[in-house]
Amino acid sequence: MSKSSDLTALVILWAVIMTLYYAMGVNHYPMFDGDPSAFLPYAVDYAKHGTLTNPLWHSSNVFDAENPTNLTWHGFLYPILLGWISPSATYPGLRIVITFLWIATQSLFALVLYRITRDTLHNQSWRALIMGAALLAGCGLLPNGGRPELLVAFVIAASMTLLIMVEYKWHWLINGTAAGLLVATSPVCAILFAPLVGIYTFSRSQPLTAIILQTRVLLVSCVVFTALFWFYPFTLDAWLTGMLLHSQSAIIGGSGGWVDAIRVQPSMLSIILLLLLMCGAGFITLFYKIRDAACSYCILPLVAIIIAEAYYFWIRVPDRSYNAFAYSHLIIIGLIYSIISLTEIKSYSAPRARSIIYGFLCFSLIAASADFIRRAIVFPFFLSDGVAYEDARGELMRLVDKGDMVSVTGGFFSLTEDYSHIEVSAHRDKFKGKWVLRQQTYSGESKAPEINGYTLVNSNFSSTMPTYFGMKIANTCGAYNYAIYRANDL
């Protein structure tokens with residue numbers, strides 16, 4: 001297999017995936033539920049009014065109790081960017097931008113993947129398998145866009161692309177710009193990014209030169225963040241204090257164990273596996289290749305910092321470790337690079353040893369793609385047996401036109417941008433409205449249940465359970481199927 005055929009295979013796989021992403025995006029799949037209601041309404045508000053308020057959710061610890069809906073508890077760049085680029089101040093408009101970010105992030109990742117493996121993996125068959133498995137793994141771990149981690153993933157993918165295309169003397173400018181963007185997008189991700197940049201710089205420069213370059217990175221990141229902060233509608237004091245208050249419950253007060261976190265998001269297990277493999281291969285490579293370099297004395301403390309940060313932000317609070325997915329592409333690239341470097345060491349360079357290592361790498365990457373493959377298999381069921389987003393949105397508008405309060409379950413928050421007559425309930429059996437529009441997706445229910453105090457008026461719940469070769473892979477088709485209820489006191 002030649003290098004040109006490797007590239008052809010990668011381009012074909014990329015084209016199939018991008019077409020699927022486009023089809024998913026225009027059909028509003030998958031449904032946004034949970035955390036997206038805490039972020040996307042800010043983008044709609046910014047598109048409408050140039051402000052950042054959310055009537056649906058606010059932190060339990062806020063900076064300004066009189067204005068709890070203000071975005072003073074998290075990074076601000078993602079909702080601003082969505083609202084600014086969106087062709088309309090609606091959730092369908094935001095979905096277009098999110099779809100573009102999916103495609104752009106994966107395209108940049110594919111480019112980096114090809115450049116990294118092109119000149120280092122000399123076995124053409126293994127190169128093709130690893131590239132394909134890695135591209136699918138990137139899809140499986142790509143954030144869905146309901147949270148700012150998607151923008152973080154895009155920034156990291158763009159940075160990696162520039163780093164492999166631009167001379168090293170300009171890498172401090174690229175890293176500094178990326179750091180500034182990450183501070184404005186997700187400060188926790190920026191904290192995780194800092195020691196990674198340090199390791200990258202110290203591994204390629206002498207200590208004194210690396211310190212100078214790191215100083216430049218810091219200065220550039222401050223300039224970039226300052227420029228972005230001009231678009232933020234609140235004060236720096238409100239932002240910093242608000243985030244510190246929010247962290248008391250979000251990070252310091254995180255709850256839930258690994259079993260529950262993996263049950264809710266099984267792909268968490270995949271990213272843990274890839275991270276452990278990368279660390280193992282990376283440590284062995286560092287031991288053999290950098291142990292005599294002067295920069296190792298600077299790299300080892302930075303590695304210790306990364307381990308401490310990973311424990312504090314991920315391992316200690318697994319139900320709040322969504323930031324790990326923002327770094328999934330970097331983890332995959334780091335893993336592949338570490339594995340390639342490992343097989344260049346004499347102890348691991350025998351053909352049989354390489355085949356075992358490459359085979360396990362491919363298996364791990366394919367396992368990480370399981371969530372994307374499952375969603376891709378469910379998608380045809382979504383199209384054939386599900387209710388379209390536009391139809392559910394229209395039904396909600398008809399209920400609102402009756403003039404009464406309408407309650408909807410969490411995933412239906414994106415059916416409207418006007419919540420003056422809408423209650424978005426965090427529960428599936430407790431409502432305040434005279435009408436209820438209850439979603440089927442994420443409920444695991446094949447038929448509409450009874451709700452105390454309400455009468456079922458209409459239901460288009462689907463009894464279809466998506467299967468693959470007779471094996472059930474989802475409880476519902478993941479569409480906008482709904483049931484309508486009316487309060488008994490009408």
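Along the sequence shown, residues carry numbers from 1. Everything numeric in this text was worked out from a predicted model, so none of it was measured. Heavy-atom basis, side chains included; hydrogens, waters and symmetry copies ignored.
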Roughly how far, to the nearest 0.5 Å, is [atom2] of [Y] from [atom1] of [X]?
{"X": "Thr69", "Y": "Asp45", "atom1": "OG1", "atom2": "CG", "value": "8.0 Å"}
{"X": "Arg204", "Y": "Thr209", "atom1": "CZ", "atom2": "OG1", "value": "13.5 Å"}
{"X": "Thr185", "Y": "Arg147", "atom1": "OG1", "atom2": "CZ", "value": "12.5 Å"}
{"X": "Ile305", "Y": "Leu192", "atom1": "CD1", "atom2": "CG", "value": "11.5 Å"}
{"X": "Leu173", "Y": "Ser221", "atom1": "CG", "atom2": "OG", "value": "11.5 Å"}
{"X": "Leu181", "Y": "Leu228", "atom1": "CG", "atom2": "CG", "value": "6.0 Å"}

Over 12 non-hydrogen atoms of neighbours within 6.0 angstrom of [atom1] in [X]:
{"X": "Trp14", "atom1": "CH2", "value": "no"}
{"X": "Phe231", "atom1": "CZ", "value": "no"}
{"X": "Lys48", "atom1": "NZ", "value": "yes"}
{"X": "Asp401", "atom1": "CG", "value": "yes"}
{"X": "Tyr419", "atom1": "OH", "value": "yes"}
{"X": "Met165", "atom1": "CE", "value": "no"}

(message) What verdict does the salt bridge (charged side-chain N to carboxylate O under 4.0 Å, His left out) test give for Lys430 and Glu423, after you've listed the backbone C-alpha separation in whole Å, the side-chain angles of each residue and the deciding distance to 0.1 Å?
(response) CA-CA 11 Å; Lys430 296 180 181 178; Glu423 179 216 9; over 6 Å; no
Taking atom types as modelled, is there a side-chain donor on [X] or [Y] under 3.5 Å from an acceptor on the other?
{"X": "Gln439", "Y": "Asp33", "result": "yes"}
{"X": "Ser414", "Y": "Tyr389", "result": "no"}
{"X": "Asp237", "Y": "Thr235", "result": "no"}

(request) Kindly indicate, with the supporting measurements, whether the criterion salt bridge (charged side-chain N to carboxylate O under 4.0 Å, His left out) is fulfilled by Glu395 and Arg398. (result) CA-CA 5 Å; Glu395 186 61 50; Arg398 284 189 286 272; 3.0 Å; yes
Between [X] and [Y], is there a donor-acceptor pair closer than 3.5 Å when you use the side chain of the first and the backbone of the second?
{"X": "Asn27", "Y": "Ala479", "value": "no"}
{"X": "Ser443", "Y": "Glu445", "value": "yes"}
{"X": "Tyr29", "Y": "Arg375", "value": "yes"}
{"X": "Thr416", "Y": "Asp418", "value": "yes"}
{"X": "Glu149", "Y": "Phe325", "value": "no"}
{"X": "Thr241", "Y": "Ala238", "value": "no"}
{"X": "Asn175", "Y": "Val217", "value": "no"}
{"X": "Asp429", "Y": "Ile451", "value": "no"}
{"X": "His171", "Y": "Leu162", "value": "no"}

Could you tell me if the side chain of [Y] sits less than 4.5 Å from the side chain of [X], heavy atoms only?
{"X": "Tyr442", "Y": "Arg428", "answer": "yes"}
{"X": "Tyr454", "Y": "Arg486", "answer": "no"}
{"X": "Thr72", "Y": "Asp64", "answer": "no"}
{"X": "Ile331", "Y": "Leu141", "answer": "no"}
{"X": "Val408", "Y": "Tyr482", "answer": "no"}
{"X": "Pro449", "Y": "Tyr485", "answer": "yes"}

Between [X] and [Y], ring centroids under 6.0 Å:
{"X": "Tyr42", "Y": "Tyr46", "result": "no"}
{"X": "Tyr91", "Y": "Phe413", "result": "yes"}
{"X": "Tyr200", "Y": "Phe193", "result": "no"}
{"X": "Phe39", "Y": "Trp73", "result": "yes"}

Which atom pair, heavy atoms only, marks the closest approach of [X] to [Y]?
{"X": "Leu52", "Y": "Pro79", "answer": "CD2-CB, 4.2 Å"}
{"X": "Gln106", "Y": "Cys139", "answer": "NE2-SG, 3.1 Å"}
{"X": "Leu302", "Y": "Pro195", "answer": "O-CB, 4.0 Å"}
{"X": "Glu417", "Y": "Val44", "answer": "CG-CG1, 3.8 Å"}
{"X": "Ile156", "Y": "Ala326", "answer": "CD1-O, 3.7 Å"}
{"X": "Leu101", "Y": "Thr105", "answer": "O-OG1, 2.7 Å"}

Which label fits [X] and [Y]: parallel for a plane angle under 30°, tilted from 30 to 60°, or perpendicular past 60°?
{"X": "His329", "Y": "Phe109", "value": "perpendicular"}
{"X": "Tyr480", "Y": "Phe412", "value": "parallel"}
{"X": "Phe229", "Y": "Tyr232", "value": "tilted"}

(request) Validate the cation-pi geometry between Arg438 and Phe461: distance from NZ or CZ to the six-membered ring centre under 6.0 Å, angle to the ring axis within 45°. (result)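 Not satisfied by the 6.0 Å and 45° rule.
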(message) Please evaluate residues Val220 and Thr177 with respect to the criterion side chain to side chain contact (heavy atoms under 4.5 Å, CB included), reporting the C-alpha separation (whole Å), side-chain torsions for both, the decisive distance (0.1 Å), and the verdict.
(response) CA-CA 6 Å; Val220 171; Thr177 302; 3.8 Å; yes
(request) List the steps and the verdict of side chain to side chain contact (heavy atoms under 4.5 Å, CB included) for Ser186 and Asn323. (result) CA-CA 9 Å; Ser186 175; Asn323 297 299; 3.8 Å; yes
(message) Before you tell me yes or no, could you show the steps for Thr476 and Gln440 under side-chain hydrogen bond (donor to acceptor under 3.5 Å, both in side chains), namely the whole-Å CA-CA distance, both residues' side-chain angles and the distance that decides it to 0.1 Å?
(response) CA-CA 7 Å; Thr476 68; Gln440 181 184 18; 5.6 Å; no
(message) Would Asn481 and Thr441 count as a side chain to side chain contact (heavy atoms under 4.5 Å, CB included) here? Give the steps.
(response) CA-CA 7 Å; Asn481 299 57; Thr441 297; 5.7 Å; no
(request) Walk me through it: do Tyr168 and Ser205 pass the test side-chain hydrogen bond (donor to acceptor under 3.5 Å, both in side chains)? (result) CA-CA 10 Å; Tyr168 178 68; Ser205 303; 2.6 Å; yes
(request) Please assess Ile17 against Phe372 for the test side chain to side chain contact (heavy atoms under 4.5 Å, CB included), listing each intermediate value before the final yes or no. (result) CA-CA 10 Å; Ile17 291 172; Phe372 174 74; 4.1 Å; yes
